[in-house]
Amino acid sequence: MTPAFYRLSRPLQKWIRAQGWTGLRPLQAEAIGAIMDGTADLVVTASTAGGKTEAAFLPLISQVLDDPQAGAGFDLLYLGPLKALITDQARRLDGMCHETGLPVVPWHGDIAGGIKTRALKNPRGILLITPESLEALFIRRGNEIPGLFGALRAVVIDELHSVLDSERGVQMRSLLNRTESRLGRPLRRIGLSATLGDIGLACAYLRPDDPDAVGHIAATGGGSELRVQLRGYVAGGPDPDEPAAADLVAGHLFQKLRGSSNLVFAGSRERVEIYADKLRQLCDAAGLPQEFHAHHASLSREHRDFVERRLKDGRLPATAICTSTLELGIDIGDVTCVAQIGAPFSVASLRQRLGRSGRRAGQPATLRQYVIEAWPRPDANLADRLRLDLVRAVAMIDLLIEGWCEPPAPQALHLSTLVHQILSVIAERGGATAAGLHRLLCREGPFRSVDAALFQQVLRAIGHRDTGLIEQADNGILLLGRRGEKLVEHYSFYAVFQTPEEYSLQNGAEKLGTLPVHNILAPGSLLIFSGRRWQVREIHAEARVIVVDPAKAGVVPDFDSSPGLIHDRVIQRMFHILGDRTVPVYLEPLAAALLEQARSSYSALGGERIHELSPRAFLLMTRRGTVASTTLALALQSVGFRVQLYDGVLEVLATDATPDLRAFLTGIARGASVDLFAHDPPLCFEKFHPFLTRPLLEQDASSSRVDLAALAGLCKELTD
DNA sequence: GACCTGCTGCGGTTTG
């Protein structure tokens, strides 16, 4: 055993020996040193199953046992984004703590009330909790916070990458700051992750006041061999006897994946249902027991648990056709291969997915990427002929191999989440002053870009008579208004993100899952859902329940969807690939031929950034990601152009009322001002947006979804 | 042109 081992508390040494470990991993030894010798915050990065949890908790638990801290309450706090992950980690920590007498308390919506009541009476040991449940503790038990967390030694934040930039991440950092504020001292923060694009930014997220003091420990090596194949298919050809491209993809998947355990990321819930249906038909036709299963967030918990158990226990072959539900979190064991249908939206997510395969020593990680492109009709527009999906898949794989992934964008205002936190602090303390709230949430907390003037505007908006979220007492103290009180009282308040209204689907006693209410269904309608075919029997509109029976045919329903953001660097790489000549070795011949077509279409442009398709139709080659391209699209729409957005390309249609395109762009390049929101585009995207004024919504969008500062530069590039 | 995540307190009933 290494020297680090002997620094651990005796019960933990005993536990490690009982596990049959021959030694600590280098990552764990290093973390033991860093945590026991210093007091600095820490980021620990290692692949899934790389031993991060033990690396953080072995030394932390040792400190709790050997050097107890004065004060009441829990000793360690673990924040996790998923209920299943908390349950999983609690089981692991429970084993580790078995001989120590330290309680391990999992806490989320599915944990029995009795366990929570007991823990509140005698808070000690390790509390594992979701951001939403911690929020609920602040709102319902504001007065008990010092008693619950007075002895807290450190906070461990799991899956740090998943909460960096999101609404939930901001909420979590605000709660950490509020805890520190109530305790009157900083808490050591330890972040765990497998996928961080920029360690410096991650450190700044973990401790905004002092990012340079945050330590970083990374597992060395460990990257297993990567095998990649990209297959291209062509849809919509002239020969009606040719099988459809999706059937060819399903056929290839069936042939390659049958008999082993795999994950197929299909890109959307619709496509999960389509491919699950096709693969199950192939399995049935071959007379084989079913081994293909659909998995996405609209399917029932029971069905998802069944699929996860099949994958984890590994005795029978099982392939999940899934969305990002199986990208993050709980251990589903090792899979033989990861397939991706269509280009993914981010390199970070592709890397997380690939981390699910090749986890046994000596096993390669395997990625099978499938892309379907349109048949090259002579009248196809240029955006189609550039084969953007194929090129994006190549760009993503190249960036993945280079080790890059998307960094967070820290300048967003997050005004919706700010409204949520204002209401929460007022509920926690019974009232607050405007200056106190601004100091706690903005100057010390995560809303650093919100200055006093902007904060005043937010308070005025939510305190307006028509909004009624807050009101001011005569002594200036802010209180919850009638509407605010009603919102905060209901348990749906604790989450900062939106969720759509849904029907629940059932076949007899079996719950199948949920479906957005905008699907137009009637008794008799046919449906593909959960990888099986159904006919609607009854619709109970008020109870929001649909009863179905098995059927022989079906159609895939429509799930809600919204466009994703693609990073500048991905799009830049796509245009580099289009202008390049080398053919990546992982392309099979048809994919290589499709790339060749895309390159000749691109070279026909001769490097022109503005391409005139007709006197009224243009292609603008922005070569930028979603944010910059959307900004230009809004500018064009504000003066009447109609715009279609592709990867790094805008298709622009002029009308009689629109100005000359080149003159308009040149004007912006020379500094002419432009009102991006003149045409009143929709701006309510987040949970508390409906309570804000139009100018505030425009500022919020400007901080995250558009980039006005870069617009003139982009227009200059296009017109030079 | 996409995906995912989360949830209290209390009153009633059943069981030992």
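So you know, we letter chains A, B, ... as the sequences are listed, proteins then strands, and number each from 1.
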- Protein-nucleotide distance (A:I566, atom CD1; B:dG1, atom P), rounded to Å: 12 Å
- Message: According to salt bridge (Lys or Arg N to Asp or Glu O under 4.0 Å), who are the partners of A:K278, at least two apart in sequence or on a separate chain?
- Response: A:D247
- Pairs touching residues 480-491 of chain A that satisfy salt bridge (Lys or Arg N to Asp or Glu O under 4.0 Å), sequence neighbours left out: none
- B/S/- along nucleotides 3-16 of chain B (protein heavy atoms under 4.0 Å) is BSBBBBS-------
- Task: Tell me what A:L645 touches on the nucleic acid: a base, only sugar-phosphate, or nothing, going by heavy atoms under 4.0 Å.
- Result: base
- Task: Determine if A:F345 stacks with B:dA2; use a centre-to-centre distance below 5.5 Å and an interplanar angle below 30° as the criteria.
- Result: yes
- Who pairs with A:D88 by salt bridge (Lys or Arg N to Asp or Glu O under 4.0 Å), at least two apart in sequence or on another chain? A:R91
- Hey, could you give me each pair passing salt bridge (Lys or Arg N to Asp or Glu O under 4.0 Å) that has a residue in residues 130-139 of chain A? Not counting sequence neighbours. A:E132-A:R168, A:E135-A:R178
- Message: If the condition is salt bridge (Lys or Arg N to Asp or Glu O under 4.0 Å), which residues does A:R544 pass it with, not counting sequence neighbours?
- Response: A:E501
